[in-house]
Amino acid sequence: MINKKLLTIAKLINKNEIVLDVGCDHAYLPIYLVKNKLCKKVIASDISEGALKIASKNIAKENLNIKLYLSDGLNNINENYDCLVISGMGTKSIISILKDKKLCNHIILSSNNNLYELRLFMNKIGYKIDKEKIIYEKGKYYNIISYYKGKEYLNKNVLLFGKSYNKQYLKYLLKKEFKILKKLDLFKRIKKYIYIARIKRYLKRCN
Ligand SMILES: C[S@@+](CC[C@H](N)C(=O)[O-])C[C@H]1O[C@@H](n2cnc3c(N)ncnc32)[C@H](O)[C@@H]1O
């Protein structure tokens, strides 16, 4: 069985889509999608030859047909696809993969960090948040955002905390910020208090 994060991503994919999984690693998501007939077709890529060797073995074990590409981001992908998945990388890498590229209608992202920058970037290049999920797995929170082409206004709260409106996640953020607070000098502490107050206000609005 695949992990909760990949399962959540799989649920955001439409049956009629051709999916490209960039940074597929050992191809767990592509295999799950094909085995369970959750989309039309899957292609998968990774920058690491080692990862693709294992992916290829895993695909062969299941007797499936999934084309693998050795590629830095989208550079070597010469097939059409409807849904692009990038999961398990940082925002900087995700942005460098997407920047100045012709992109498909549906993009699903799960970044490890800097979600504010990611939401801002996606908004600027013309993508609208369709759904946003927070999942908790093995002591860590993961954020997953499904985007479609479109325009929307995002206020600062949404840029910072997203559209998952997950109380547990916001409580976790509060706890984390309080821990950091103790180590800061006075000026930074004031700024942190303002941020904490923002999280608290946002938390009150979530049901
Ligand atoms: C932590 S794994 C994530 C695997 C899987 N997508 C997941 O979410 O569980 C990150 C994968 O991204 C690959 N990767 C990193 N930078 C990449 C790039 N620029 N283009 C393609 N793959 C990349 C790594 O080699 C690695 O296999």
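Quick note: numbers below take in every heavy atom, side chains included, and nothing from hydrogens, waters or symmetry partners. Start at 1 with the first residue, then count along the sequence. For ligands, and for the atoms within them, numbers begin at 1 and follow the listed sequence.
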Open item on the list: Show me the pairs that pass ring-ring contact (aromatic ring centres under 6.0 Å, His included) and involve residues 107-136, at least two apart or across chains.
Closed with: Y136-Y141

Open item on the list: Can you list, by chain and residue number, the hydrophobic cluster partners of F187 when the side-chain cut-off is 4.5 Å?
Closed with: none

- [ ] Enter the distance from L120:CG to N114:CG here, rounded to the nearest 0.5 Å.
- [x] 11.5 Å

Task: Set of residues that line ligand 1, where lining means a heavy atom lies under 4.0 Å from it - done: K5, L6, V22, G23, D25, D46, I47, S48, S71, D72, G73, S87, G88, M89, I97

Task: ring-ring contact (aromatic ring centres under 6.0 Å, His included) partners of residues 19-65, not counting sequence neighbours, each pair once - done: H26-Y28

Open item on the list: Test your reading of the model: is there a side-chain donor-acceptor pair from S71 to the backbone of N76, 3.5 Å cut-off?
Closed with: yes

Task: Atom pair CG (L64) and NZ (K35), whose distance is rounded to the nearest 0.5 Å - done: 7.5 Å

